[in-house]
Amino acid sequence: MSQRPIDRSPDLKRLRDEGYNISVADGYVVVRDVPYVTASRQVLRGVLIVSLNAANDVAQGAPDHTMDWAGEYPCYASGAPIEEIRCCESNARAGNVQATFKFSAKPKPHDRYRDYHAQARAYIARLSGPAGELLPGITAQTYPHLPAAEGESVFTYQDTASSRADISAITKRLEGKTIGILGLGGTGGYILDFLAKTPVAAIHLYDGDVFSQHNAFRAPGAASGQDLEQTPLKVSYFAGVYRRMHRGIVPHPEFFGPQHLHELDDLDFVFLSMEAGDIKQQAVARLIERGIPFVDVGMGIFLRNEALGGTLRVTTVTGSKHDHVKERIPFSDGGIKNEYDRNIQIAELNALNAAFAVIRFKKIFGVYHDQGQEHHMVFAIGRNDINNEEEA
């Protein structure tokens, strides 16, 4: 079913955001899961139906004050029928929902409700009130799974988190963006986890490594033993997980190499979470040459006095600021001992480093305020201190 009339109609969208099971089918607005009491004093759930009065997929308000009903006739908690709303039998049909009764409940002091939200809420209150007397806490707000049609959304189900918080217009600034993640180690996996919740058009994953048991302890989610027994490539494993939510996951099952440099040209933003080396230096040079913004993440973890310390780093490069690259982005390890290379399991640091990187990405595209415009950030674990440098 299309979500466009709901997405474009503030009153219908409000019902959905408040957790009501609302849909549009065959020219009707359908509200499912409405609790009510039967004549035998059972609490069941029924369906309210009302004609959709819309222009260009935008609801214009219900045509009148009536609503149709699919279910047994609703009663008070005593089992006595709610006669004051009885109108007549109904033959309205919306999808697979066949109405049985039509109700008439005029709002006072007007003859019509101001919008579909007011009308549905009024009827739900009349019908579910008696049900609440018998089963305290029961509600029509079931927050159902809401599939999103392919072609209408990059998500496989509706992003109700943004709409409920009324920040959809802000998150839309990420729509259409094509993102690359080079390296799906601990931090890269969490970057993907955060990006999969955004409406970017595509997320390209580059990594040729196998997802092994030690990787599972610093990756988002919880891999099963069966997953590990299949020894999948990291890109295949993560694509399988996150395609459940986001349609735009594109796996590239090999390490990023010189043969891939031209593919960077089609990206709007890149996350570098790869090891130091010549190919990383070539990727950085290509991105700077093409004016493509990116962040490079790094962790320096050491073991001292039987505890771990160190730093997390996020270095940002944009078209207006790239003169700091040689001093801030390492292209070789320089012989420095780094306990992180021993696969110490530090998922929370991977997640934190990824969060800093994704926040920086969202600042660049206007989702968050960017007062400092820092292009190099270091978090010191022991001091719990953030140092911002290289302001644009």
How close do I279 and P258 get, heavy atom to heavy atom, and via which atoms?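 It is CD1-N, 3.4 Å.
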Any sub-3.5 Å donor-acceptor pair from [X]'s side-chain atoms to [Y]'s backbone N or O?
X    : Y    : result
R247 : S153 : yes
Q119 : R114 : no
R41  : A77  : yes
D207 : D209 : yes
T156 : A148 : no
S212 : H214 : no
H324 : T316 : yes

Can you run down the ring-ring contact (aromatic ring centres under 6.0 Å, His included) pairs that involve residues 114-134, sequence neighbours left out, and say none if there aren't any?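 Residue pairs with at least one partner in residues 114-134: there are none.
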Please collect all ring-ring contact (aromatic ring centres under 6.0 Å, His included) contacts where either partner lies in residues 72-101, sequence neighbours excluded, each pair once. Y73-F101, Y73-F103
Sort out for me which residue in I170, V367, T171 forms a side-chain contact (heavy atoms from CB on, under 4.5 Å) with K362.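 One option only clears the test, and that one is V367.
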Can you confirm whether [X] sits close enough to [Y] that some side-chain heavy atom of one is under 4.5 Å from a side-chain heavy atom of the other?
X    : Y    : answer
R243 : P251 : yes
R16  : D7   : yes
I301 : L349 : yes
K234 : V210 : no
L195 : I181 : yes
D68  : L48  : no
N91  : R93  : no
V295 : V317 : no

Just checking, any donor-acceptor pair under 3.5 angstrom between side chains of [X] and [Y]?
X    : Y    : answer
R32  : S23  : yes
T318 : H375 : yes
S9   : D11  : no
N387 : E389 : yes
N350 : T187 : yes

By ring pair (Phe, Tyr, Trp, His ring centres under 6.0 Å), which residues pair with [X], not counting sequence neighbours?
X    : answer
H145 : Y157
F269 : F271, F361
H252 : H204, Y206
F238 : F211

Check whether F365 and F194 end up in the same hydrophobic cluster, where Ile, Leu, Val, Met, Phe, Trp and Tyr are linked by side-chain heavy atoms less than 4.5 Å apart. yes
Decide whether L184 and F255 are clustered together by the hydrophobic rule: side chain heavy atoms of Ile, Leu, Val, Met, Phe, Trp, Tyr closer than 4.5 Å, transitively.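 No, it is not one cluster - the side chains of L184 and F255 are not joined through contacts under 4.5 Å.
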Would a line drawn from the ring center of Y113 to the ring center of H65 be shorter than 6.0 Å? no
Between H260 and F256, is the ring centroid distance below 6.0 Å? yes
Hydrophobic cluster of [X], others only, ordered by chain and residue number, side-chain cut-off 4.5 Å:
X    : result
V37  : V43, L134, L135, I138
V250 : none
Y28  : V30, V47, I49, V97

More than 12 foreign heavy atoms under 6.0 Å from [atom1] of [X]: is that the case here?
X    : atom1 : value
N388 : CG    : yes
D385 : CG    : yes
Q259 : CD    : yes
Q213 : CD    : no
E89  : CD    : no

Got a sec, which residues hit side chain to side chain donor-acceptor pair (under 3.5 Å) with E83, two or more places apart in sequence or on another chain? R86
Looking at residues at least two apart in the chain, or sitting in another chain, which of them share a side chain to side chain donor-acceptor pair (under 3.5 Å) with D370? R360
Sequence neighbours left out, what passes salt bridge (charged side-chain N to carboxylate O under 4.0 Å, His left out) with K321? Give chain and number order. D323, E390
Considering only NZ, NE, NH1 and NH2 on the basic side and carboxylate oxygens on the acidic side, decide whether [X] and [Y] come within less than 4.0 Å.
X    : Y    : result
D33  : R45  : no
R313 : D296 : yes
R286 : E289 : no

Looking at CG of L127 and CE of M67, how far apart are the two atoms once the value is rounded to the nearest 0.5 Å?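 L127 CG to M67 CE: 9.0 Å, rounded to 0.5 Å.
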